[in-house]
Amino acid sequence: MTLAPPVAHEGPALQAQVQDTPGMRMLYSALNHLDDAAARLNLDPNLHRILRTCERTLTVAVPIELDDGETAVYTGYRVQHTSVPGPCKGGVRFHADVSLEEVTALAQLMTWKCAVLNLPYGGAKGGVSVSPATLSENELRRLTRRYTYAIMPIIGPKKDIPAPDVNTDERTMAWMSDTYSMLIGEASQEIVTGKPLILGGSVGRADATGLGVAIIAESTMKRYGTPIEGARAVIQGFGKVGYWTAHYLAQAGCKIVGVSDVSGGYTHPHGLDVEAMLKYTKTSPTRTLAGYTTPGLETVTNEELLLLPCDVLIPAALEDQITSLNADRIQAKYIVEGANGPTSSTADKILHARGVMVVPDILANAGGVTVSYFEWVQGLQAFPWDLAEVQKNLRRFLYNAFDHVCDFSEANQVSLRQGAFMLAVSRVAEALAQRGIFP
Ligand code: GLU
């Protein structure tokens with residue numbers, strides 16, 4: 001099957017450059033997955049054309065006064081892929097590699113993720129190109145408030161609801177919610193999700209993405225015949241996704257044989273004590289695993305970690321980790337994507353040909369946005385749920401989506417990613433067809 005060019009209106013010159021940056025590679029992969037699904041679904045080219053483009057793209061300057069009196073100006077983005085299924089939804093990341101292409105790709109992935117889970121949202125994503133570790137708490141607060149002000153014209157509880165993503169958290173959401181509420185002159189906690197509990201957050205939101213990844217990893221092993229008890233898991237990333245995934249998989253009986261963070265990879269043939277590792281990071285000088293030691297522990301590089309023998313490999317850090325450079329050496333049976341876009345589309349084909357089952361990000365890490373949806377519902381109703389209610393509903397949404405994607409993919413003899421994209425694209429296209437083009 002021939003794929004349409006990566007961007008609807010560009011010429012061959014841009015296509016040649018398209019692989020040049022991680023953001024471009026990611027956008028290319030995202031569009032490739034859409035095009036592949038569109039071709040398999042025989043999608044109306046008019047609908048396909050609309051779904052390839054983003055509804056609204058905003059680039060903003062974010063000037064802040066640094067603690068030493070100097071002024072720094074960062075660049076921020078908010079991209080809304082579509083508002084056809086409902087308000088736009090997606091996180092905000094602070095990272096030096098944030099680019100317009102990356103945010104655009106991530107906004108599209110959010111649309112497909114929400115569609116796989118049947119959440120009434122279209123996708124969005126935001127970000128500021130900054131290394132947050134170089135900023136003090138006061139500088140970060142000023143950055144967050146100025147960025148919120150700059151994207152104010154296009155966000156709102158029924159327009160576009162931001163949430164945490166890479167290097168943003170509850171505290172960031174508290175500042176965003178406060179800035180928005182102050183500027184509109186009324187309490188509007190539903191403007192963001194992933195807020196602190198005391199400000200209208202939901203119980204079970206902080207660990208929801210990791211719990212969701214663990215639920216999907218367990219469901220995959222169960223469905224495809226790998227006993228969970230004693231299954232070996234390797235997890236790249238030890239942040240809010242990686243740690244909670246490790247925690248819940250260990251609780252389910254898996255052996256966590258490898259984890260990594262920015263300081264490198266740590267492996268133990270009999271399994272790592274992830275709770276002791278988390279405790280270590282709370283007081284270690286760099287707040288990372290650097291220097292962590294225990295009898296039998298071996299250290300590896302982040303690259304080597306991905307190649308360790310294991311049953312399930314969970315990339316839960318950043319995008320573009322599994323590529324044509326390492327896909328042929330991955331030893332895992334299953335890859336469950338905790339991060340967004342960790343596998344390039346070329347790697348995807350190599351893994352598929354080798355029989356490595358990849359559970360795509362738009363299903364595997366959807367636990368976060370699903371509990372964000374519950375948080376938004378609780379906010380709009382001003383009626384909080386308890387943890388049992390949140391987790392019962394999270395399991396229900398995830399099991400439904402997982403079964404549906406697996407049944408559909410098996411029936412159509414496609415990979416789980418192809419199946420998930422086909423389901424998602426057909427749902428959004430159907431909504432688009434029903435609404436028609438305004439005016
Ligand atoms: N940033 C998370 C994601 O990529 C959560 C988004 C949200 O809760 O809106 O899925």
Side-chain angles (χ1 to χ4, degrees), residues 33 109-110 112-119 204-229 231-237 239-256 259 310-317 321-322 330 332-343 348 351-352 356-374 390-410 414-424:
H33 296 317
L109 288 181
M110 285 308 300
W112 313 129
K113 192 185 300 187
C114 292
V116 169
L117 268 289
N118 270 320
L119 307 179
R205 175 63 185 88
D207 56 343
T209 311
L211 173 58
V213 175
I215 290 172
I216 295 291
E218 283 174 51
S219 304
T220 308
M221 290 190 268
K222 205 163 149 199
R223 182 167 180 128
Y224 296 102
T226 299
I228 293 164
E229 190 61 46
R232 293 159 308 159
V234 169
I235 301 169
Q236 183 197 38
K240 52 187 183 255
V241 182
Y243 163 70
W244 283 112
T245 304
H247 169 90
Y248 283 111
L249 280 179
Q251 206 173 67
C254 289
K255 222 165 30 171
I256 312 300
V259 303
C310 60
D311 295 291
V312 52
L313 171 64
I314 300 179
Q321 300 298 304
I322 302 171
I330 301 266
K333 278 196 209 109
Y334 313 103
I335 296 176
V336 180
E337 296 184 331
N340 288 315
T343 311
D348 219 33
L351 294 165
H352 189 55
V356 180
M357 181 171 279
V358 181
V359 187
D361 44 9
I362 58 172
L363 169 64
N365 71 32
V369 70
T370 302
V371 177
S372 272
Y373 165 58
F374 300 157
V390 168
Q391 294 194 342
K392 180 186 79 188
N393 281 294
L394 174 62
R395 285 182 188 277
R396 181 165 66 86
F397 274 62
L398 286 175
Y399 290 144
N400 276 343
F402 178 80
D403 289 344
H404 207 139
V405 168
C406 293
D407 293 346
F408 181 90
S409 307
E410 287 167 18
V414 294
S415 70
L416 295 181
R417 191 186 316 274
Q418 287 166 333
F421 267 84
M422 285 169 76
L423 276 177

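Hydrogens, waters and symmetry mates are skipped; everything else that's a heavy atom, side chains included, is used. Keep in mind it's a predicted model, so treat the numbers as computed, not measured. This chain uses plain numbering: 1 for the first residue, then up along the sequence.
- Every residue meeting the ring pair (Phe, Tyr, Trp, His ring centres under 6.0 Å) condition with Y248, not counting sequence neighbours, appears here in chain and number order: W244.
- Using a 4.0 Å cut-off between charged nitrogen and carboxylate oxygen, K255 and D311 do not count as a salt-bridge pair.
- Remark: side-chain polar atoms of D361 are not paired, donor with acceptor, to backbone N or O of E337 under 3.5 angstrom.
- Of all heavy-atom pairs spanning G368 and T209, the tightest one is CA-OG1, 3.1 Å.
- Applying the side chain to side chain contact (heavy atoms under 4.5 Å, CB included) rule to R396 yields the partners N393, N400; only residues at least two apart in sequence or on another chain are considered.
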Checklist entry - When you look at I335 and L351, which way does the side chain to side chain contact (heavy atoms under 4.5 Å, CB included) test go after all the steps? => result CA-CA 9 Å; I335 296 176; L351 294 165; 3.7 Å; yes
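- To the nearest 0.5 Å, atoms CG (L117) and CZ (F402) are separated by 13.0 Å.
- For the pair R223/E410, a side-chain contact is recorded, criterion being any heavy-atom separation below 4.5 Å from C-beta on.
- Inter-residue side-chain proximity for I362 and H33 is flagged as unmet; no heavy-atom pair is nearer than 4.5 Å.
- Separating the CG atom in L423 from the CZ atom in F408 is a distance of 5.0 Å, to the nearest 0.5 Å.
- Listed for the Q236 side chain is no donor-acceptor partner under 3.5 Å among the backbone atoms of P315.
- Under the ring pair (Phe, Tyr, Trp, His ring centres under 6.0 Å) criterion, F374 pairs with W385, F397, sequence neighbours left out.
- T343 places a side-chain heavy atom less than 4.5 Å from the side chain of R417.
- Residue N365 is tested with L109, I216, V213, V359 for a side-chain contact (heavy atoms from CB on, under 4.5 Å); the sole match is V213.
- In terms of heavy-atom proximity, A214 sits nearest to T245 at CB-O, 4.1 Å.
- Nearest heavy-atom pair across C114 and V369 is SG-CG2, 4.1 Å.
- Shown here for R205 and V371, the closest heavy-atom pair between the two residues is CA-CG1, 3.6 Å.
- Note that CG of L398 is 7.5 Å distant from CG of L363, once rounded to the nearest 0.5 Å.
- In this structure, the side chains of L211 and Q251 stay at 4.5 Å or more apart for every pair of heavy atoms.
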Item to check | Test log, rule side chain to side chain contact (heavy atoms under 4.5 Å, CB included), inputs Y224 and C406 | outcome: CA-CA 10 Å; Y224 296 102; C406 293; 3.7 Å; yes
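- Taking each heavy atom of A420 and S409 in turn, the nearest pair found is N-OG, 4.5 Å.
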Checklist entry - What do the steps show when you test Y334 against T226 for side chain to side chain contact (heavy atoms under 4.5 Å, CB included), and what is the final call? => result CA-CA 10 Å; Y334 313 103; T226 299; 2.6 Å; yes
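- Scanning both residues, E218 and I228, for their nearest heavy atoms gives O-CD1, 3.7 Å.
- From I235, atom CD1 reaches atom CD1 of I256 across 4.5 Å, with rounding to the nearest 0.5 Å.
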Checklist entry - Between H247 and D207, is a side chain to side chain contact (heavy atoms under 4.5 Å, CB included) present by the stated rule, with each step listed? => result CA-CA 10 Å; H247 169 90; D207 56 343; over 6 Å; no
